[in-house]
Amino acid sequence: MIIRTETSDDFPRIYELVKVAFQTAKVSGGTEQDFVNQVRSGDAYIPELALVAEEGGQLIGHIMMSKIDIVNGTGKSGSLLLAPVCVALEHRDNGIGSALIRESMGLAREMGYTSVLLLGDPAYYHRFGFRTSTDFGITFAHQTPEIEANVMACELKPNALAGVNGSFDC
């Protein structure tokens with residue numbers, strides 16, 4: 001397996017991979033594949049942080065990080081949004097998602113980014129250093145008590161979120 005940056009030639013295959021992968025995901029809004037295209041068409045897209053896992057010429061995983069702002073009444077702070085990450089059903093539970101997350105977080109850190117936000121399963125993401133975002137004073141704009149534990153943040157640089165508070169939307 002290799003992990004590499006996505007290319008425009010990959011876009012149709014990534015669309016299908018994301019669509020099919022989220023049909024069997026624990027949590028899905030059903031439009032994750034469209035979200036990927038939406039991010040690519042905007043200013044938040046960071047091509048270096050859109051990665052694929054490939055094995056034998058087949059795309060088996062994808063991850064994307066994009067720019068996002070944490071906004072409060074007095075200003076905003078830049079961060080990254082990790083969304084989505086997926087692995088083809090027949091390749092799950094082999095560490096591919098973990099490898100994609102670690103690679104993208106390492107690249108983000110090297111590029112000077114200091115924090116990452118996401119909505120996801122705490123049991124999975126805590127192993128990468130994510131904590132409930134409210135621990136940092138950060139909320140999701142559409143947060144409800146039912147999803148509060150699923151809104152998470154991770155500092156790529158120690159104390160990067162110290163003094164940062166507000167909400168984000170994606």
Side-chain angles (χ1 to χ4, degrees), residues 3 5-8 10-11 14-15 18 21-22 25-52 61-86 97-170:
I3 294 176
T5 306
E6 70 178 20
T7 68
S8 59
D10 296 323
F11 292 175
I14 291 169
Y15 186 90
V18 174
F22 275 95
K26 285 183 182 180
V27 178
S28 174
T31 60
E32 289 82 3
Q33 66 279 359
D34 297 321
F35 178 75
V36 169
N37 286 342
Q38 179 185 347
V39 169
R40 278 194 202 112
S41 67
D43 294 337
Y45 180 53
I46 308 168
E48 300 86 353
L49 295 179
L51 308 175
V52 294
H62 180 260
I63 191 168
M64 179 178 271
M65 286 193 186
S66 54
K67 297 174 196 170
I68 196 161
D69 287 324
I70 303 164
V71 180
N72 65 32
T74 60
K76 60 185 178 180
S77 300
S79 188
L80 293 173
L81 176 69
L82 189 162
V85 61
C86 70
S98 294
L100 285 165
I101 291 168
R102 286 188 180 98
E103 180 71 15
S104 63
M105 289 178 69
L107 288 170
R109 190 177 291 111
E110 288 173 15
M111 293 173 70
Y113 293 100
T114 60
S115 65
V116 181
L117 308 171
L118 63 79
L119 281 75
D121 180 3
Y124 182 74
Y125 288 103
H126 282 174
R127 71 180 92 173
F128 304 105
F130 283 89
R131 299 181 4 220
T132 303
S133 68
T134 54
D135 291 353
F136 298 101
I138 300 166
T139 58
F140 178 52
H142 308 284
Q143 191 156 311
T144 64
E146 296 81 28
I147 68 164
E148 183 175 331
N150 299 62
V151 181
M152 291 175 275
C154 180
E155 295 175 312
L156 297 176
K157 178 182 173 189
N159 300 312
L161 294 173
V164 174
N165 62 58
S167 67
F168 69 97
D169 198 359
C170 49

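None of the values given here were measured: they were computed from a predicted structure.
The minimum heavy-atom distance between Val52 and His62, with the atom names listed, is CG1-CD2, 3.8 Å. Gln33 approaches Val18 most closely through the heavy-atom pair N-CG1, 3.5 Å. When all heavy atoms of Val36 and Met64 are compared, the pair lying nearest together is CG1-CE, 3.7 Å. Between Leu49 and Ser104 the shortest heavy-atom distance is CD2-O, 3.8 Å.
Interatomic distance, CE of Met65 versus CG of Leu118, reported as 8.5 Å (0.5 Å rounding). Rounded to the nearest 0.5 angstrom, Asn37 CG and Ile14 CD1 are separated by 9.0 Å. Separating the CE atom in Met111 from the OG1 atom in Thr114 is a distance of 13.0 Å, to the nearest 0.5 Å. The line from CD of Glu32 to OH of Tyr15 is 11.0 Å long, rounded to the nearest 0.5 Å. Rounding to the nearest 0.5 angstrom, the gap separating the CG atom in Leu51 from the CG atom in Leu107 is 6.0 Å. With rounding to the nearest 0.5 Å, the separation of CD in Glu155 from OG in Ser79 is 10.0 Å.
Between the side chain of Asn72 and the backbone N or O of Gly75, at least one donor-acceptor pair lies under 3.5 Å. The backbone N or O of Ala160 lies less than 3.5 Å from no partner atom in the side chain of Ser115, so there is not a single donor-acceptor pair.
In this view, Thr144 and Glu146, Ile147 satisfy the side-chain contact (heavy atoms from CB on, under 4.5 Å) rule, not counting sequence neighbours. Shown here are the ring pair (Phe, Tyr, Trp, His ring centres under 6.0 Å) partners of His142, two or more places apart in sequence or in another chain: Phe140. Listed by chain and number, the residues in a ring pair (Phe, Tyr, Trp, His ring centres under 6.0 Å) with Phe128 are Tyr124 (sequence neighbours excluded). The ring pair (Phe, Tyr, Trp, His ring centres under 6.0 Å) check on Phe35 picks up nothing, with sequence neighbours excluded. Residues meeting the salt bridge (charged side-chain N to carboxylate O under 4.0 Å, His left out) test with Arg102, sequence neighbours left out: none. With sequence neighbours left out, the ring pair (Phe, Tyr, Trp, His ring centres under 6.0 Å) criterion links Phe136 to no other residue.
Checked for salt-bridge contact, Arg40 and Glu6 meet the test: a charged N lies under 4.0 Å from a carboxylate O.
Judged purely by distance below 3.5 Å, without hydrogens or angles, the side chains of Asp10 and Thr7 pair a donor atom with an acceptor atom. Counted by atom type alone, Thr139 and Ser167 present zero donor-acceptor pairs between their side chains at under 3.5 Å. Judged purely by distance below 3.5 Å, without hydrogens or angles, the side chains of Tyr125 and Asn150 never pair a donor atom with an acceptor atom.
Other residues, nucleotides and ligands place no more than 12 heavy atoms under 6.0 Å from the CG atom of Asp43.
Counting only heavy atoms from C-beta outward, the side chains of Ile3 and Leu100 approach each other to under 4.5 Å. The shortest distance between side-chain heavy atoms of Tyr113 and Ile46 falls below 4.5 Å. Considering only heavy atoms from C-beta on, Leu117 stays 4.5 Å or farther from Leu82 through its side chain. Side-chain atoms of Phe168 and Asp69, non-hydrogen and from C-beta on, never get closer than 4.5 Å to each other. Within the 4.5 Å cutoff, no side-chain heavy atoms of Ile68 are placed close to those of Leu80. Taking 4.5 Å as the limit, some side-chain heavy atom of Met152 sits within range of a side-chain heavy atom of Pro122. Leu81 places a side-chain heavy atom less than 4.5 Å from the side chain of Cys170. Using a 4.5 Å cut-off on side-chain heavy atoms (C-beta onward), Leu161 and Ile138 make contact.
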